[in-house]
2 protein chains.
Amino acid sequence: MPSGEPTIRDVAARAGVSKSLVSLALQNSSRVAPGTRQTIRRAAEELGYRPNAIARTLGAHRSRTIGVFVLDLHNPIYVDILDGVQAEAHRLDYRTIVVVGSSDRRAERAELDKLMEFRVEGLVTVGHRLPAGAGTAISESCPAVLVGAEPRLPPHLVSVSTDDIRGSALAIDHLVALGHSAITHVTGGNNSVARKRERGYVQAMERHGLQARIRCIPGGFTDERGYQGTIAALGGDEPPTALFVANDFAAIGALAAAADRGLEVPRDLSVIGYDGTRLSGLRSIGLTTVAQPLKEMGVAAATQLCSRLDTGQEGTRRIRMSPGLLVRTSTGPPPRHAGVSEARDRPRAAVSTTHPA
Amino acid sequence: MPSGEPTIRDVAARAGVSKSLVSLALQNSSRVAPGTRQTIRRAAEELGYRPNAIARTLGAHRSRTIGVFVLDLHNPIYVDILDGVQAEAHRLDYRTIVVVGSSDRRAERAELDKLMEFRVEGLVTVGHRLPAGAGTAISESCPAVLVGAEPRLPPHLVSVSTDDIRGSALAIDHLVALGHSAITHVTGGNNSVARKRERGYVQAMERHGLQARIRCIPGGFTDERGYQGTIAALGGDEPPTALFVANDFAAIGALAAAADRGLEVPRDLSVIGYDGTRLSGLRSIGLTTVAQPLKEMGVAAATQLCSRLDTGQEGTRRIRMSPGLLVRTSTGPPPRHAGVSEARDRPRAAVSTTHPA
DNA sequence: CTGAAAGCGCTTACAG
DNA sequence: CTGAAAGCGCTTACAG
C-alpha cells in the first residue's frame, strides 16, 4: 500500500472544502452545488487522486465486490461464462475477484476463505461442482448463483444452466433428419450434467421411435475418455453411423478414434459434440456441436446476483437457457449401406489422415 | 458487507483480553503468552471469527495483495502461467486479484484502475503486450514483473521470458537431424515475441549452412493465420518438406492447410509448433512443439515480485528460462525424393482425412 | 448546500 | 506479556 498516494483529505485541502463534501462530490451526490463539484473534481484530477477502494469498503459497509469461483480456467467454456459474468458485473459497477478451483481441496478451501476475507457481497460459481468448503462460504449472508451446476438448492441460491434435455434433442433431431437411426451416445460420465444429456438423448430417440437403437457407452468429458468410449462404441456388432458425444473435448477424442479405425468423418461416421467451444470450430476440427449460450449465461448470473444485492429482492430460482445447433463438417448423411463394415475393411494403408496415431 | 460477522472486538470480549492482544495472537506474535494465545484462538474459533482483510489492509498499511493482469484467458499458455503465479503467490501468503485484458482498451484501462483502487502492492502482467494505461498503473510505487513481454524496461520492472532464440534452435536442430533442409518458417507476425522466434530460426538455419533455404512467410498467432501462411508457404516453386510455425494455434492451422492440400503429415510434410499447449497434445493433433516452462515462468514471476515486496530489494532484471522440445507425431523424415511434388499430384479423392474442409 | 464528528475493523507504536 | 490510544481513508447520519 503505497503511502504517497493523495487522499480525500488532500483533495479537500486543495479545493478548500471539507472531506465530507469531497466524498459526496466524488459520489456524484446531487446534494453538492455544481460549482463546488467542479472545483473538487478538478482538484482531484490535478492531484492524480485515486479513491481507495479498501477504505471505501470499510466506511460504506459494503464492498460492491462479488467473488467468482471458476472451477477450471483450462476449460474454455468456463472462460466464456466468466467473460459474461465479468462484463456484466463491471457494467453494473461491481468489482470481481476470481478464485480458481484446484484439485487440492484444502488449497481450494483456503482460497475461498481468503475470498470471504475480502467481504465480497455475493458469489457466483462456474463449473459442474461447487467449491470445496462451499458450505461455510455460501452462508445465508452471502447470496450465490451457480452456473452449470444444479444441486438441490437452498433458498438463497439461484442456478443458471442450459436446457440439456433440449440440447440433446437438437443433436438427435439433426442426425435423424440426416437419415441416421443407429445413433450411439458416448456419455459424459456420472455427473449431473452428463446424466441430463443422456436423458435427453434417450427421450429424443424414443420420440423418433428409435428406442431399439438406444446405446449408451460410458465416456467422460475429456479427449481421452471420448476416444476410449468411441473405440468401444465402434466395436459392437451393429456399429453406429452416428455418435452423439457428451462434450466437445470428448468429441475431439472421438474424431481421433474414428481416424484410428480408418473411418472417414462424416462419410463413414457422423460425430456431434456439445458446448460450442471455439476449439471445436478450429479449421482442422470442424465439429458439429450443440452450443450453449455461455456468455449469456454468465451475464444472466451477474444480473441476478447484482440486482439482488442492489434491491435486496430475491429473483427467479432457476434460469434455464436455450441451446442452439452449430452445424459444421463432422455430420452428414449415413453411408448408403447403413453400416460401416465396408469402410472398416478397407486396408489401413489406403487411408490417410493428417493426424496419425 | 455482511454486518453480522464477529469482529476482533467480539473475540476480545469472549477471551477476556484487549483487542490488541487478539490482533497480536492472531498474527502469531511471540510477544503473547502461549496460554493467552490458546484462549484467544479458541474464542475466535468458537465465534467463527474470520479476519476482515479490508480492515487489516487499512490498518497495516499494506494489502499483501498483488494484481495479475492476464491478456487473454482463452489462450491456454497464459492460463498455465497464471496457475504458476497464483500458486506461488498464495504459498508466500499473498492474495491475488486478476484482471483480464480486453479488446476494448478503454474498458481494460478502467479495470486496471479499479485494480489499483485495491491498493495492490505489485503487479504481474501475463501476455505479449502490456495492459492499456500501464503507464499510470505501473508507477514507480508499484513494482511489476512482466511475463512474456519484454519492452525496454524502466528500472523498477522485471521480465520473465523464454529464450526464444534457443527455442527456435531446438526446433530447427530437430528437423535437420531428421534430414530436412527445406525448412520454411511461418512467422507469428510483427510483435517482439514473433520476431525473436524468427531471428532464432534464421540463426539456426545459418548455423546449419542452410542460409540458402531460409524462407519466412508472414503468419500470425492464430489458427487462421497459420492456415493462410501455410497455404502460401506450400505454393512456392520449391515447396518445403518441413514447417516451423510460430505457435501451436497457428501450427494447428498449418495441419489443416496441409490436409487441404492433400499432404499427409508427417509423411509429406513435417510441422512443428511452439508453446507446448495441452491442445497440441490432444490425440487428434499430436503436434511436435517447443515447450515453454509456463508454470515455472509464473512461479518465477511471483517469487521475484513477492520477495521484492518483502525485502524491498531489487532482484534480477531479466529472467530467461529454457524451452524444451516435445516430439510427437507431426514430424518425421522428409519424403525420400526431397520434395513433395509427387504427393501433391495424387488425386484429391484418394486422400481421406478426418477433418474435411 | 456544507462541515464536524463518529465509526468501519483492524494494526501498531507507546507505556507499563 | 498486556492494554489504552491513535490512526488508516473513507462514508454517513446529524446539524446547521
Side-chain angles (χ1 to χ4, degrees), chain A residues 1-41 43-44 47-65 95 114 116-121, chain B residues 1-41 43-44 47-65 95 114 116-121:
Chain A
M1 205 165 170
S3 47
E5 294 272 323
T7 76
I8 206 180
R9 158 174 258 120
D10 300 314
V11 178
R14 179 175 254 263
V17 298
S18 70
K19 283 179 356 184
S20 323
L21 215 41
V22 174
S23 176
L24 256 16
L26 263 22
Q27 293 174 72
N28 275 321
S29 163
S30 58
R31 290 163 50 208
V32 21
T36 317
R37 178 182 329 208
Q38 273 305 323
T39 320
I40 293 175
R41 285 208 164 297
L47 254 33
Y49 170 75
R50 230 176 332 201
N52 183 329
I54 298 296
R56 180 191 303 141
T57 293
L58 200 58
H61 306 294
R62 58 172 304 192
S63 61
R64 286 202 81 83
T65 302
R95 285 179 201 74
K114 282 196 189 165
M116 299 318 288
E117 293 180 7
F118 273 108
R119 294 303 189 259
V120 295
E121 299 182 25
Chain B
M1 201 158 172
S3 48
E5 295 272 322
T7 75
I8 206 180
R9 156 174 259 121
D10 300 313
V11 178
R14 179 175 253 263
V17 297
S18 70
K19 284 179 353 183
S20 324
L21 216 41
V22 173
S23 176
L24 258 16
L26 263 23
Q27 293 175 71
N28 275 320
S29 162
S30 58
R31 289 163 51 207
V32 21
T36 317
R37 177 184 330 212
Q38 274 303 322
T39 320
I40 292 175
R41 287 208 162 293
L47 253 33
Y49 171 75
R50 230 179 328 204
N52 183 329
I54 298 295
R56 180 188 304 140
T57 293
L58 200 58
H61 305 293
R62 59 172 304 190
S63 61
R64 286 203 80 85
T65 302
R95 285 180 201 73
K114 282 196 189 164
M116 299 317 289
E117 292 181 7
F118 273 110
R119 294 303 188 260
V120 295
E121 299 182 25

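By convention in this document, chain letters (A, B, ...) are assigned in the order of the sequence lines, proteins followed by strands, and residues within each chain are numbered from 1.
- Here C:dA5 is the nucleotide among C:dT12, D:dC10, C:dA5 with the atom lying nearest to any side-chain atom of A:Ser20.
- The separation between B:His61 atom NE2 and C:dG9 atom C1' is 13 Å, rounded to whole Å.
- Residue A:Ser23 has no polar side-chain atom (N or O) positioned under 4.0 Å from OP1 or OP2 of D:dC10.
- In this structure, the CD1 atom of A:Ile40 is 8 Å from the P atom of C:dT2, given to the nearest Å.
- Here the side chain of A:Pro34 is nearest to one of C:dC1, C:dC8, C:dC10, namely C:dC1.
- Between A:Asp10 atom CG and D:dG9 atom P the separation is 9 Å, expressed in whole Å.
- Atom CZ in B:Phe118 sits about 15 Å away from atom P in D:dC10, given to the nearest Å.
- Of all nucleotides present, none satisfies the Watson-Crick or G-U wobble test against D:dA4 with each distance under 3.5 Å.
- For the pair A:Arg41/A:Leu26, a side-chain contact is recorded, criterion being any heavy-atom separation below 4.5 Å from C-beta on.
- Out of D:dT2, C:dA4, D:dT11, the shortest distance to the side chain of A:Lys19 is found at D:dT11.
- The side chain of B:Arg56 contributes an N or O atom lying less than 4.0 Å from OP1 or OP2 of C:dT11.
- The nucleotide C:dA13 finds no pairing partner, because no Watson-Crick or G-U wobble arrangement with both distances shorter than 3.5 Å includes it.
- In this entry the distance linking CG of B:Leu21 with P of D:dA4 reads 11 Å, nearest Å.
- Between the P atom of C:dG7 and the CZ atom of A:Arg62 lies a distance of 23 Å, rounded to the nearest Å.
- Look at A:Thr36 and you'll find a side-chain N or O under 4.0 angstrom from OP1 or OP2 of C:dT2.
- Within the 4.5 Å cutoff, the side chain of A:Asp10 has heavy atoms near those of the A:Thr7 side chain.
- Spacing between atom CG of A:Leu58 and atom C1' of C:dC10 amounts to 8 Å, rounded to whole angstrom units.
- Listed nucleotides C:dC10, C:dG3, D:dC10 differ in distance to A:Ala55; the shortest reach to its side chain belongs to D:dC10.
- Nucleotide D:dC14 holds its P atom 15 Å from the CG atom of A:Leu24, rounded to whole Å.
- In this structure, A:Thr7 and A:Arg31 both approach DNA chain D, and ranking their closest nucleotides by distance from the 5' end singles out A:Thr7.
- The distance from the CD atom of B:Glu121 to the CZ atom of B:Arg119 is 12.0 Å, given to the nearest 0.5 Å.
- Regarding contacts with the backbone of C:dC10, every side-chain N or O of B:Gln27 stays at 4.0 angstrom or more from both OP1 and OP2.
- Partners of B:Arg14 according to the salt bridge (charged side-chain N to carboxylate O under 4.0 Å, His left out) rule, which considers only residues two or more places apart in sequence or in another chain, are B:Glu46.
- Annotation: side chain of B:Val22 is not in contact with side chain of B:Tyr49 (no heavy-atom distance under 4.5 Å).
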